[in-house]
Structures are given as C-alpha cells and as structure tokens.
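One structure is given below, encoded as structure tokens.
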Amino acid sequence: MPEPSFEVRLVQADDVAALHALVVANREHLAPWEPLRDESFFTLEHQAGVVAGQVERHALGQEHPFVITLDGHLVGRMTLSNVARGPFQSANLGYWIDAGHQGRGLATRALERVVEVARDDLGLHRIEAGTLVHNVGSQTVLRRCGFEEYGMAPAYLKLAGRWQDHLLFQRILHE
C-alpha cells in the first residue's frame, strides 16, 4: 500500500468548507484547549471570516496560517502568529490535529516543516509556544521538534472558561 500523501501548506480561501467541517467535527475534542466559543463560531460564515482574516494578515506578513493535509483531506491547522520583525524576528505557534488522526506523528511532521519554513523562508530567529500544563501530548511534539521549556506563565490564557497556567517553550532557529 502506498504511503499516504502528507502536505503542509498555506491556507487558501477555498479551504473554508473543509475547515468548517473539521472545526465542527472537532468541537468537543478541542473544547478543553480553547476559549469558550459562541455558537456563531461554528458557522460557515464565521469560519470564512477567520480564513479571510488570516489571508489578510498573511499578506501583511503578520501571520502564516497553514493547513495539514493527508491524502488531500484537511486533518489539522498550524499557525505562526504575532510575527515580530526588527531585532526580535519571532512568532507564536499554535496548532491542532483532528481527533481521529492524533498519535500518528502528523503534528511532529508538520511542525518540522513549519520550522524549516520559519527559518529558511521567513528568516525568523525564534518560535514560541505555550501549552496547558497537563497537555503532555503537545509538549511531546514540541520537545521532539527541538523546542525547550523555558518557563511557566501563571493564569496565562482563559481556556475552557477559566484562567489556566501554561508551560512556555521556544526554539531558537539561528545560533
């Protein structure tokens, strides 16, 4: 049997329907890791607005929103946001994988590719990521991809309706 086709690419406007379906299908799976979401978040119209905003911020160099595909089907998201230039040359990383595709190394493969793009194409020096303290799976992905834990941020983000502590990770791309 042939190896499944794996790709990490920038989000496109015509991804909206597939992303909408993926967000709706993963609503319960992602709820513990995200802010509380209003019902409107799960509409096609809202997701179209999310993608349009990402495409706009990408054109301005502020964000690099990627989709992860397997055999042409969207299975996850990975975004470099809050891109800071000048002496900082840094970005924040966020990502998630469809519940049915976790545990297959897809997030690790995607992150390895995004690190290459950040370093080689975007010229970034550093990528930062934060995980909930109990999100061992995400921490494992980050560590496998050369990220180092550098601190704890108490009450960092309001996720699942409450302020929660985060472990902070970074990867320096140029020594």
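When reading the values below, keep in mind they use all heavy atoms of this one structure, side chains included, and skip hydrogens, waters and symmetry mates. Predicted, not measured: the structure shown is a model, and the values here were computed from it.
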Could you work out, with salt bridge (Lys or Arg N to Asp or Glu O under 4.0 Å) as the rule, every residue matching [X], not counting sequence neighbours?
X     : value
Arg57 : Glu63
Glu28 : none
Asp15 : Arg9

Treat each ILVMFWY residue as a node, draw an edge where side-chain heavy atoms are under 4.5 Å apart, and state whether [X] and [Y] are in one component.
X      : Y      : value
Leu142 : Met152 : yes
Val67  : Val55  : yes
Phe41  : Leu22  : yes

>> For Asp71 versus Pro4, what's the shortest heavy-atom pair and its separation?
In response: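 Shortest heavy-atom separation between Asp71 and Pro4 comes out as OD1-CA, 3.4 Å.
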> Shortest non-hydrogen contact from Ala91 to Val83?
Replying inline: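 Shortest heavy-atom separation between Ala91 and Val83 comes out as CB-CG2, 4.0 Å.
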Less than 4.5 Å apart, any side-chain heavy atom of [X] and any of [Y]?
X      : Y      : value
Arg77  : Leu19  : yes
Ile127 : Phe147 : yes
Trp33  : Thr131 : no
Val23  : Gln47  : yes
Arg143 : Phe169 : yes
Glu149 : Leu168 : no
Leu173 : Arg126 : no
Ile68  : Trp96  : no

>> Ignoring hydrogens and geometry beyond distance, is a side-chain donor-acceptor pair present between Gln139 and Arg144 at under 3.5 Å?
In response: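 Checked: Gln139/Arg144 side chains show no N/O donor-acceptor pair below 3.5 Å.
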>> Parallel, tilted or perpendicular: which one describes the rings of His64 and His58, with boundaries at 30° and 60°?
In response: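 The arrangement is perpendicular - the two ring planes meet at more than 60°.
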> Can Gln62 and Arg85 be said to form a side-chain hydrogen bond (donor to acceptor under 3.5 Å, both in side chains), step by step?
Replying inline: CA-CA 9 Å; Gln62 300 167 342; Arg85 293 300 184 172; over 6 Å; no
>> Apply salt bridge (charged side-chain N to carboxylate O under 4.0 Å, His left out) to residues Arg109 and Glu112 and explain how you reach the verdict.
In response: CA-CA 5 Å; Arg109 286 177 64 190; Glu112 288 170 346; over 6 Å; no
